[in-house]
Amino acid sequence: MKIKFLGCGAADFDWSCYGEDGVLGSTVTLLNDHILLDCGPTATASMARFGVDKEDIRAIVNTHSHNDHLNLSEVEKVSGKRKIDYYGSLESCRLLEGICTVHPLTFGDVFEVENISFLALPSNHMVENIREETFNYLVTFAGKTLLYALDTAWMTTRARYLIGKSHIDAIIWDGTMAEPDNWRIFEHSDTEMFSRIRRVLQADGNIDDQVKIYLDHRSKMLWPQDVAAQEAIARREKVNLAHEGETVII
């Protein structure tokens, strides 16, 4: 599975300054060159910056409808006249009818895009419409499995049940906060929270010492501005920071 990080920032960055030093784009991830996970305000700018042709995109898989993850103008630019496939909540699909070929999801749904299998997991995150389902994904391709967990806090019991005994080779985890004790803990993650979830997943056999872990969706306000300080936190937690433009293979 080929993963390219196009944007790694949370919603508190000023995207009118995108491209300047220290300004991360909205969180967008590219799978196997053809599938976008989320499509926020800097999606097409990130694609142009890192050499991705929007004509190569065949589907968008969405976690939730917050504007930094689902920007209708950006989706329209990517989809164009082709009406590419879009997978997301029922509510977001209603917004995109006529722009994309929509596929409404609910928790537990399994679907396939470009030979990649997706299992829709509930995230611990809320949007303005409290009835709208928000998603994380268990993604499987060529015998490798990725847990894509943005935006989210503590893993829900339903998500844990759906993951079951799956062996996870890599995790892209919500890294909104570098340190604990911020009120955003109710729908976002910090390093202390993730370290505890990680220990449980390891004890239960879902992950082992070879798992690749990337902290993504980092807040401007809640991480040090100094890049060396950010990397020091990642080393302390024995994880990787997701870097914009970086490609990894699992």
Side-chain angles (χ1 to χ4, degrees), residues 1 3 27-32 34-40 58-66 69-70 75 84-97 100-174 176 186-189 193-194 196-198 200-207 211 213-214 216-217 250:
M1 189 186 307
I3 300 166
T27 306
V28 184
T29 306
L30 180 67
L31 291 183
N32 283 8
H34 299 302
I35 302 169
L36 285 185
L37 292 173
D38 288 339
C39 188
R58 297 170 188 164
I60 296 171
V61 179
N62 180 241
T63 56
H64 64 291
S65 64
H66 278 153
H69 294 260
L70 181 64
V75 173
I84 64 173
D85 290 309
Y86 171 87
Y87 299 83
S89 68
L90 173 63
E91 290 79 4
S92 66
C93 284
R94 287 170 176 163
L95 295 175
L96 292 171
E97 289 177 349
C100 299
T101 300
V102 298
H103 305 272
L105 301 176
T106 192
F107 303 147
D109 281 353
V110 177
F111 58 99
E112 189 169 293
V113 186
E114 298 284 313
N115 296 317
I116 301 177
S117 175
F118 292 81
L119 169 61
L121 306 172
S123 70
N124 190 350
H125 193 68
M126 191 178 77
V127 295
E128 287 72 15
N129 179 352
I130 62 172
R131 296 183 182 278
E132 180 179 336
E133 295 181 1
T134 62
F135 300 105
N136 292 158
Y137 294 98
L138 199 65
V139 186
T140 303
F141 175 76
K144 299 293 184 180
T145 297
L146 165 72
L147 174 59
Y148 192 78
L150 308 178
D151 303 10
T152 197
W154 295 103
M155 186 180 292
T156 70
T157 301
R158 183 179 283 113
R160 185 71 191 87
Y161 174 83
L162 288 169
I163 290 171
K165 298 297 183 181
S166 298
H167 178 77
I168 297 168
D169 300 284
I171 301 174
I172 299 175
W173 192 264
D174 184 280
T176 301
F186 296 108
E187 62 173 352
H188 287 292
S189 297
M193 180 192 300
F194 176 66
R196 295 179 67 183
I197 295 172
R198 178 182 185 177
V200 173
L201 291 176
Q202 189 156 16
D204 286 352
N206 295 107
I207 62 175
V211 65
I213 299 171
Y214 301 89
D216 204 348
H217 194 269
I250 63 167

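Since we're looking at a predicted model, the values are computed, not measured. Values below: all heavy atoms of this structure, side chains included; hydrogens, waters and symmetry mates excluded.
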With side chain to side chain contact (heavy atoms under 4.5 Å, CB included) as the test, would you mind laying out the steps for Ile168 and Leu138 before giving the verdict? CA-CA 9 Å; Ile168 297 168; Leu138 199 65; 4.2 Å; yes

Asp38 vs Thr27, test: side chain to side chain contact (heavy atoms under 4.5 Å, CB included). Steps then yes/no. CA-CA 7 Å; Asp38 288 339; Thr27 306; 5.5 Å; no

Would Arg196 and Trp154 count as a side chain to side chain contact (heavy atoms under 4.5 Å, CB included) if you check the C-alpha gap in whole Å, the side-chain angles of each, and the deciding distance to 0.1 Å? CA-CA 10 Å; Arg196 295 179 67 183; Trp154 295 103; 4.0 Å; yes

Worked verdict on Ile163 versus Arg160 for side chain to side chain contact (heavy atoms under 4.5 Å, CB included): CA-CA 5 Å; Ile163 290 171; Arg160 185 71 191 87; 4.1 Å; yes

Assess whether side-chain hydrogen bond (donor to acceptor under 3.5 Å, both in side chains) is satisfied between Thr63 and Tyr148, documenting all intermediate values. CA-CA 9 Å; Thr63 56; Tyr148 192 78; over 6 Å; no

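Summarising the geometry of Ala153 relative to Trp173, their closest heavy-atom pair is O-CZ2, 4.0 Å, with the distance given to 0.1 Å. Contact record, Thr134 with Ser123: OG1-OG, 2.6 Å, taken as the closest heavy-atom pair. Across Ile116 and Leu31, no two heavy atoms sit closer than the pair CD1-CB, 4.3 Å. Heavy-atom minimum distance, Tyr137 versus Tyr87: OH-O, 4.3 Å. Of all the heavy atoms in Gly88 and Cys93, the pair that sits closest is O-SG, 3.7 Å.
The one candidate from Ile60, Ile35, Asp85 that meets the side chain to side chain contact (heavy atoms under 4.5 Å, CB included) condition with Val113 is Ile35. Paired with Ile172 under the rule side chain to side chain contact (heavy atoms under 4.5 Å, CB included), one option of Val139, Ile3, Leu147 passes, and it is Ile3.
Atom CG in Leu150 sits 7.0 Å away from atom CG in Asn136 (nearest 0.5 Å). The CG atom of Asn62 sits 9.0 Å away from atom CZ of Phe135, with the distance rounded to the nearest 0.5 Å. Atom-to-atom distance recorded for Met155:CE and Met193:CE is 11.5 Å, nearest 0.5 angstrom. Note that CD1 of Ile84 and SG of Cys39 are 7.5 Å apart. Values are rounded to the nearest 0.5 Å. Expressed to the nearest 0.5 Å, how far NE2 of His66 lies from CD of Glu128 amounts to 4.0 Å. Here the CZ-CE distance, from Phe186 to Met126, works out to 12.0 Å after rounding to the nearest 0.5 Å.
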Identify each donor-acceptor pair in which a side-chain atom of residues 105-112 lies under 3.5 Å from a protein atom, sequence neighbours left out, and give them as a table.
residue	atom	partner	partner atom	Å
Thr106	OG1	Glu133	OE1	2.9
Thr106	OG1	Glu133	OE2	2.8
Asp109	OD2	Thr106	N	2.9

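Tyr214 meets the ring-ring contact (aromatic ring centres under 6.0 Å, His included) test with Phe5; sequence neighbours excluded. Scanning for side chain to side chain contact (heavy atoms under 4.5 Å, CB included) contacts around Asp169 gives Lys144, Thr145, His167, with sequence neighbours left out.
Residues Phe118 and Leu37 form a side-chain contact, since some pair of their non-hydrogen atoms from C-beta on lies under 4.5 Å apart.
Checked by atom type and distance alone, the side chain of Asn206 never pairs as donor or acceptor with a backbone atom of Arg198 at under 3.5 Å. Remark: the backbone N or O of Glu187 is paired with a side-chain donor or acceptor of His125 at under 3.5 angstrom.
Taking the six-membered ring for Trp and thresholds of 30 and 60 degrees, His217 and His188 have nearly parallel ring planes, at less than 30 degrees apart.
When only modelled atom types and interatomic distance are considered, Ser65 and Glu132 share a side-chain donor-acceptor pair under 3.5 Å. Between the side chains of Asp151 and His69, a donor-acceptor pair is found at a separation under 3.5 Å. Checking Arg58 against Asn32 by side-chain atom types alone, no donor-acceptor pair falls below 3.5 Å.
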